[in-house]
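Indexing begins at 1, ligand by ligand and atom by atom, following the structure's order. Only a predicted model underlies this, so the values are computations on that prediction, with no experimental measurement involved.
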Amino acid sequence: MSEPSLFTKIIQGEIPSSMVAQGESWYAFLDINPQRPGHTLVVPKEQAQRIAELSSESRRDLMDGVVEVQRRLSIEFETTDFSINVNDGPLAGQEVPHVHFHIIPRTKSSTSHPLWNMSNKPSDPDFEALTSLSKKLQSY
Ligand code: AMP
């Protein structure tokens, strides 16, 4: 068994996170350095670096997690539109070696072009804002 990844430690509660929702085989929480407000990560509880390395059950359930997170973000951000991104391996820019979907709500006030460039993030996490949004999204 490989070392637990950062996201496995988050799933196990060893490292704190701002939860959005969870299912039997997936966990969703707010990105600590959001590209836009509401930027959420959906991860399988099964630890694997790439989508292809996951069991087919985890892979299928993960999509249910993505849609459940979209449902909650839709309520808070009053939108049906999202940028969804997966960096599937280090050469694709993956920093944490554990499959994760980035879900970013898009609104009229945000720019209309796709968010391909994920590198211009603020560096100081706003924990108060993350905790407050996490509580709201868990209640939906
Ligand atoms: P990637 O570059 O696709 O591997 O994305 C990794 C993401 O994990 C980045 O957007 C980070 O901001 C995010 N991240 C790293 N550490 C944490 C953490 N402790 N809690 C929440 N998000 C994190």
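- The shortest N/O to N/O separation between Leu6 and ligand 1 does not fall below 3.5 Å.
- Using a 4.0 Å cutoff on heavy atoms, Ile10 counts as a contact of ligand 1.
- Below 4.0 Å from some heavy atom of Gln94 lie the following atoms of ligand 1, by number and element: 4 (O).
- Side chain of Glu76 to backbone of Lys136: no donor-acceptor contact under 3.5 angstrom is found.
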Show me, pair by pair, the donor-acceptor contacts under 3.5 angstrom made by side chains of residues 12-24, not counting sequence neighbours?
{"unit_1": "Ser17", "atom_1": "OG", "unit_2": "Tyr27", "atom_2": "OH", "d": "2.8"}
{"unit_1": "Gln22", "atom_1": "OE1", "unit_2": "Lys45", "atom_2": "NZ", "d": "2.9"}

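- His39 and His102 have tilted rings, their planes meeting at an angle from 30° to 60° on a 0 to 90° scale.
- Contact between Val86 and ligand 1 is absent, with no heavy atom of the residue lying under 4.0 Å from the ligand.
- The main-chain N or O of Arg106 is found under 3.5 Å from a side-chain atom of Thr79 such that the two form a donor-acceptor pair.
- Contact atoms of ligand 1 toward Glu95: 1 (P), 2 (O), 4 (O) (distance under 4.0 Å to a heavy atom of the residue).
- In Phe7, the part holding a heavy atom less than 4.0 Å from any atom of ligand 1 is the side chain.
- Under a 4.0 angstrom heavy-atom cut-off, Gln35 registers as lying outside contact with ligand 1.
- Listed by number with element, the atoms of ligand 1 under 4.0 Å from a non-hydrogen atom of Gly93 are 2 (O).
- Leu54 and Ile103 fall within a single hydrophobic cluster, where Ile, Leu, Val, Met, Phe, Trp and Tyr side chains are chained together by heavy-atom contacts under 4.5 Å.
- Ligand 1 is never approached by Ser17 to a heavy-atom distance shorter than 4.0 Å.
- In the displayed structure, Glu57 atom CD is contacted under 6.0 Å by at most 12 heavy atoms of other residues, nucleotides or ligands.
- The distance from ligand 1 to the heavy atoms of Asn87 drops below 4.0 Å at these ligand atoms: 1 (P), 2 (O), 3 (O).
- Considering only non-hydrogen atoms, atom 12 (O) of ligand 1 lies nearest to Asp31 out of Leu41, Ile32, Asp31, Asn33.
- Residue Leu30 has at least one heavy-atom neighbour below 4.0 Å for each of these atoms of ligand 1: 21 (C).
- The pair Glu68-Arg71 meets the salt-bridge criterion, with a side-chain N (NZ, NE, NH1 or NH2) lying under 4.0 Å from an Asp/Glu carboxylate O.
- Between His100 and ligand 1, an N or O atom pair is found at a separation short of 3.5 Å.
- Other cluster members for Leu91: none, since no ILVMFWY side-chain heavy atom sits under 4.5 Å from it.
- At a 3.5 angstrom cut-off on N or O pairs, His102 counts as close to ligand 1.
- Phe29 has its side chain within reach of Ile10: a pair of non-hydrogen atoms, C-beta onward, lies under 4.5 Å apart.
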